[in-house]
Asker: 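My questions will all concern the structure given below.
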Amino acid sequence: MATIYIDNVPYEVKDGENLLQACLSVGKNLTYFCWHPALHSVGACRQCAVIRYRDENDTRGRIVMACMEPVADQARISIDAPEAKKFRAQNIESLMINHPHDCPVCDEGGECHLQDMTVMSGHNYRRYRFKKRTHLNQYLGPFLHHEMNRCIQCYRCVRFYNDYAEGKDFGVFAAHDDVYFGRYEPGVLENEFSGNLVEVCPTGVFTDKTLRKRYTRKWDLTNAPSICHQCGLGCNIIASERYGSLRRILNRYNGDVNGYFICDRGRFGYEYVNSQRRIQHALKQEPAGQWQGLKKDTAIREIRNRIRAAKRVIGIGSPRASLESNFLLRELAGAEHFYAGVSEKESRLIKEVLHILRHSGVRTPSLKETETYDAIFVIGEDVTNTAPRLALSLRQAAKNQPKEKAKALKIADWNDAAIREVIQGQKGPLFIAAPYATRLDDAALATHQAHPDEIARLAFAVAHHVDAAAADAELPEKAKAFARQVADALVAAKKPLIVAGTSLYSPSLIHAAANVAMALKKAGKEAGLTYTVPEVNSMGLMMMTDQYLEQAFEQVYSGQADMVIVVENDLYRRLPADQVDEFFRKAGTVVVLDSIAHRTGEHAHFVLPAGTFAESSGTVVNNEGRAQRFFQVYQPRNDIQSTWKWLQAFVEKEQLAAANLDDVIQQLTMAYPELEGVREAAPGAQFRVGTQKIPREPHRYSGRTAMLAHINVSEPKPPEDPDSPLSFTMEGYVGTPPAPLTPFFWSPGWNSVQAVNRYQQEVGGMLRGGNPGRRLIEANGSSLQYFTDIPAAFHPDNFHWNIVPAYHIFGSDELSALSEPLQERIPALYLALSPADAQALQLQPGQQAELNVSGQTLRLPVVIRPDLPGGYVLVPKGWEATAGWLFPVQSSLKPMQV
Amino acid sequence: MEKPLTAHIPKDGSWLRLKDYERVGGYQGLRQALKMTPKEVIDMVKDAGLRGRGGAGFATGLKWSLVPTPDQIPGPHYLIANGDEMEPGTFKDRLLLEGNPHQLIEGMIIGAYAIQAEFSYVFLRWGYQFAEKALEEAIHEAYEAGYLGKNILGSGFSHELSVHISAGRYICGEETALINALEGKRANPRAKPPFPVVSGFFGRPTVVNNIETLSNVPHILSKGVSWYKSLSKCEDGGTKLYGVSGKVKRPGLWELPLGTSFREILEEHAGGMRDGYQFKGALPGGGSTDFITAEHLDVAMDYNSVAKVGSRMGTGTIIVLDDKTCVVGMVLNLEHFFAQESCGWCTPCREGLPWTEKLLLALENGEGKMEDLKIFDDLTRYMGPGNTFCALAPGAMEPLQSALKHFRADFERHIHEHRCPWK
């Protein structure tokens, strides 16, 4: 710690930071643009000017940029000195000479950092009387709107997009006051994290196109702290609504998880919530093919009667449903008749991941912690497409070793440009072995492509290199060299991280990853082990049951069960269609609770409209084992409600039937002691600040009395929320609520997302009161032996081609793929194979190839990928035609017969 | 009067070939240097009092001594000769490049030896095409003669040298922007610290020296410190190339003792003002220095003396303002250049210079207002030293702020008469 004097008042601040960070951390209002807590300092905008004095006798001092000055003990600065204030106001005046006066019609108005800083600087009168410089805007794809005239050239966009996310199709062009930020020509911005430009840009150059379509001011939105449901990482988000539709997703800072950034699937994949395919009311199908709407009460009564009459009810849960919804289903069906709604293959994989997390003794870092590792080996995962936000963290971690060089030159961590100049794009030890070249490969020191079995063998061999006690596998020459290189780099590192996952459906691959991590730990390394999982609550679900979908089917086939309740699950995405068809033929009464109409729903006798994440509250557990609470954003006007609330109507237990969320969690933790931490994921419904609830709406929320005036001039009573301390109104506590209950970031003078500075204990650090979420699993002790299930070497079979799943950030996830803006980015289904295989099969690019998978024929256009070693082919996972395949599948393969 | 830098430049417009350069003592400095340790070479240049001729006047030996040795930071180390001469009114390096390239090459090899650099570059202004040709041929000659390449003159020291042609921006003359440009990046300056001597070209220790500076080095080595110091009329050593442009009888460039008076340069060497023109003021060191006026005519043209009268020695190339030329028009012309040459990185320069230019244009067109003078005052202070990322904008403000100080009445006449009185 160091003592610095700001306007003659002493403050204790952290060493190693710069003065801007220090000023913001102690709560000072100091204007800035180009500095960003994750992108650090470059000194371009000159907006954080302060006076720095030599000592207490120096009365003149000199202007310095706070962001470029290191904290030094006894340093004396002034924010309020007239010269400093004048300089900052003048700087804003300069920035504003070309800025349009379009705040009232600008998308950013009301949450614009430039507005905030302008007001803060005191500049208010325009003296520039000449023409403004203008630019043409570009089409940037379905996610972002571009309005270059608003640009104030802070360079944050290129620094995020090119330097941080390492995108290639964006840049800065021209010079002097004609500087232009965009693509070399109009077109879709390719990078998977492009949406962060919405928040990184301090003004309205890059705005959210999806919000723009149904535009609402920030202050008119109803918001809730939520968790992204579009992959297994559980990034924290703010979800916002007006007039009954979800309008946008913003990043919700969590110093342990996503920090300042989320991926484009998470940000723009929400529109399924507003989809035409939403189920709005209870439906009944009897006789088959004839659907009728049911009143809520009627539906409940009829289903309740069926349950009472049933011989045995089984419940099929879901990895995309909350712990609470799965738990209510379990309580309804009974623990022994509650099944995870995933295949045996998938359930075993995740069970294995859980087993390793609990017993390997190797730490599984949080997403943010991932960025502190200095060597990484990715085993089998196409991280950018299976757990996108993790890829962004791995990119940062890969720079840690090169950054040591800058440290040796005593360059501070925040001096971003200087660090980049020293490291010159040098790559750190990131190694990727995957079945195909992945998006992250450009950051990797070396990569290796092979069949999943060969990757598992390779990983076993790496573990053996690190510790000869671990089982070894014979490798081809090329793989052998790669394995040695990886092992040497991991051993040379201080904190090596192993990343693997479930995406290739290979248990031996999961085991091999554990072997590498355990061997490194044994070698005295501070090793980490991260597994990615397929869905938002894959981990939570498998912490609740060992039973899987095939066993549920068996219950029906054996005639023991005659009623099935399926919760938030399209079983056609879990098992091959013929098996699911067979199951429904025999299932008796079928009740489906879901938000979206799908093939499983078509077999139901009753369909109940379940809430998406936006209309529900609940808890999910991410890949790290972190329980995180998401809160209902708004009260829908139809019968949609949380699945667990629907299920309450059918449970016998009295404590549950009338329970609120806290009570449900209480029961849940009694049934599952391991889930005890769930209670601490967020304060309960009784929590108040003083006597006040936390409002979901900003205090400037407008139009409440007018919104429904065309229906009834009497303003309706706002809906109650018995499940959380959040109110559906604008009244309540104005201030910083506990982090898990923060529905939006706002602070006096700070209307943009950068108000988050005021919610952190120190800028860029932990949120006040601690980051949200509770880790349920900690690596204690080490009771695991090395795994030995080395798969046999892979041998291509030209009659039974191995099909390996390929993943796409846009397309592989079920719900986000239904969102309109994403659909533009989803590639058409294809079959990819190596040039040599294509030649042998006489297949040309674009030609249709015929596959036969579990008795079904599928014709797919051929893509030739030189990165594939051959012997197996790729087909995207998650498309309707491939969703139920149990990878790795086998198929015949031939050119389509004309 | 000795003129070591220019005495041997052929008068016919050709350049001094290796044979002729050797005949007049060429590469003796290098031979001398290779007998010394790098530290001794640095100390000698330090003792000689050689200050950078690019404008800032930083002591050359001191700069070299700041480079970490290969023991401290292993190689490669780099030396770059800054030949991006784009300062308005400045044409001194051109003469040296076009007339005596071996003198520069020899200076570079000595400098490289002093800082133990394996590679060096001449970063050359795009427009200097004749210089490029001369340099390329001279480098070839030097390689052939064993002054460049492996094991130079059997000393064990090896060095490679090549020429890089700039794409042509004024900002490339700023040493860190130059380094970025040489790396193939946008020519934006870098923040200092870290200084290039620690983290420069490709993040390696790098020295950037001006062409004229390096051209001095061989003579210091071959003829010694006391000889070098005796060339000068001030505490800093050596001669200086002084130039004069404007309405004088003989505009030109002369090598004179450092510290020669402004009056001598103007009246004796440039022949005084053309008939019918009165001296009104001058920018003593290129376009980005403050005006001096008639009362300063006796100032000695050295770093410290010019600073004492409120301006800078800069490049030592004088632009003379006469009574028949509009000072507003002259400053407008300069600010147009600086506004256009701003890299666009920091706010004051990117936004402030075009605003300055537009105000001056309005003034020149008779559309100025009295409140514009207040804005000028604000802008010159706003773009002052320390407030901007690099020295471009503060330099650009020097002619404006001094014109406002010395010739404010001329500005006011533009406003009151709603026209340029000189048109």
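Protein chains get the first letters and strands the later ones, always in sequence-line order, with residue 1 at the start of each. Computed from a predicted model, the values in this text were never measured in an experiment.
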Asker: Below 4.5 Å from any heavy atom of chain A, which atoms of B/Lys185 appear? Answer side chain, backbone, both or neither.
Answerer: side chain
Asker: Picking from B/Ala187, B/Cys343, B/Pro193, which has the most non-hydrogen pairs under 4.5 angstrom with chain A?
Answerer: B/Cys343
Asker: Can you tell which part of A/Gln424 gets under 4.5 Å to a heavy atom of chain B, answering side chain, backbone, both or neither?
Answerer: side chain
Asker: With a 6.0 Å cut-off on ring centres, are A/Phe160 and A/Phe170 close enough?
Answerer: no
Asker: Any side-chain donor paired with an acceptor under 3.5 Å for B/Tyr382 and A/Lys86?
Answerer: no
Asker: Among the options B/Leu379, B/Leu359, B/Ile171, pick out the one with the most heavy-atom pairs lying under 4.5 Å from chain A.
Answerer: B/Leu359
Asker: Under a plain distance cut-off of 3.5 Å, with no hydrogens placed, do A/Ser41 and A/Asn18 share a side-chain donor-acceptor pair?
Answerer: yes
Asker: Which answer fits B/Pro68, side chain, backbone, both or neither, if we ask what part of it has an atom under 4.5 Å from a heavy atom of chain A?
Answerer: neither
Asker: Please work out which of the three classes, parallel, tilted or perpendicular, describes the rings of B/Phe376 and B/Phe411, given edges at 30° and 60°.
Answerer: perpendicular
Asker: Check whether the ring centres of A/His113 and A/Tyr32 lie less than 6.0 Å apart, and answer yes or no.
Answerer: yes
Asker: Tell me, for B/Ala362 versus chain A, whether the close heavy atoms (under 4.5 Å) come from the side chain, the backbone, both or neither.
Answerer: side chain
Asker: Could you tell me which portion of B/Glu183 (side chain, backbone, both or neither) has an atom closer than 4.5 angstrom to a non-hydrogen atom of chain A?
Answerer: side chain
Asker: Could you label the plane-to-plane angle of the B/Tyr170 and B/Phe338 rings as parallel, tilted or perpendicular, counting under 30° as parallel and over 60° as perpendicular?
Answerer: tilted
Asker: Counting only non-hydrogen atoms closer than 4.5 Å, does A/Ala406 touch chain B with its backbone (N, CA, C, O), its side chain (CB onward), both, or neither?
Answerer: neither
Asker: Which atoms form the tightest heavy-atom contact between B/Asp84 and B/Arg169, and what is the distance?
Answerer: OD2-O, 3.1 Å
Asker: Measuring heavy-atom distances to chain B, does A/Ile423 have an atom under 4.5 Å in its side chain, in its backbone, in both, or in neither?
Answerer: neither
Asker: Tell me, for A/Phe173 versus chain B, whether the close heavy atoms (under 4.5 Å) come from the side chain, the backbone, both or neither.
Answerer: backbone
Asker: Can a donor-acceptor pair be found between the side chains of B/Tyr128 and B/Glu85 at a distance below 3.5 Å?
Answerer: yes
Asker: For A/Val179, is it the side chain, the backbone, both, or neither that has a heavy atom closer than 4.5 Å to a heavy atom of chain B?
Answerer: side chain
Asker: Using heavy-atom distances under 4.5 Å, tell me whether A/Ile411 contacts chain B through its side chain, its backbone, both, or neither.
Answerer: side chain
Asker: Where on A/Tyr128 is there a heavy atom nearer than 4.5 Å to chain B: the side chain, the backbone, both, or neither?
Answerer: both
Asker: Can you tell me which portion of A/Arg62 sits under 4.5 Å from chain B's heavy atoms? Options are side chain, backbone, both or neither.
Answerer: neither
Asker: I'd like to verify something: which residue of A/Leu409, A/Asn415, A/Asn98, A/Ile152 has the highest number of heavy-atom pairs under 4.5 Å with chain B?
Answerer: A/Leu409
Asker: Given the options A/Asn91, A/Ile63, A/Val42, which has more heavy-atom pairs under 4.5 Å with chain B than any of the others?
Answerer: A/Asn91
Asker: Does one side chain, of B/Glu398 or B/Ser311, offer a donor that lies under 3.5 Å from an acceptor on the other?
Answerer: no
Asker: For A/Val64, which atoms come within 4.5 Å of any heavy atom of chain B: side chain, backbone, both, or neither?
Answerer: neither
Asker: Do the two ring centres, one from B/Tyr121 and one from B/Phe201, sit under 6.0 Å apart?
Answerer: yes
Asker: Could you tell me how the ring of A/His135 sits relative to the ring of A/Tyr180: parallel (under 30°), tilted (30 to 60°) or perpendicular (over 60°)?
Answerer: perpendicular
Asker: If I measure from the heavy atoms of chain B, does A/Asp178 come under 4.5 Å with its side chain, its backbone, both, or neither?
Answerer: neither
Asker: Answer with side chain, backbone, both or neither: which region of A/Tyr155 has an atom nearer than 4.5 Å to a non-hydrogen atom of chain B?
Answerer: side chain
Asker: Under a 3.5 Å cutoff, is there a donor and acceptor pairing between the side chains of B/Glu364 and B/His414?
Answerer: yes
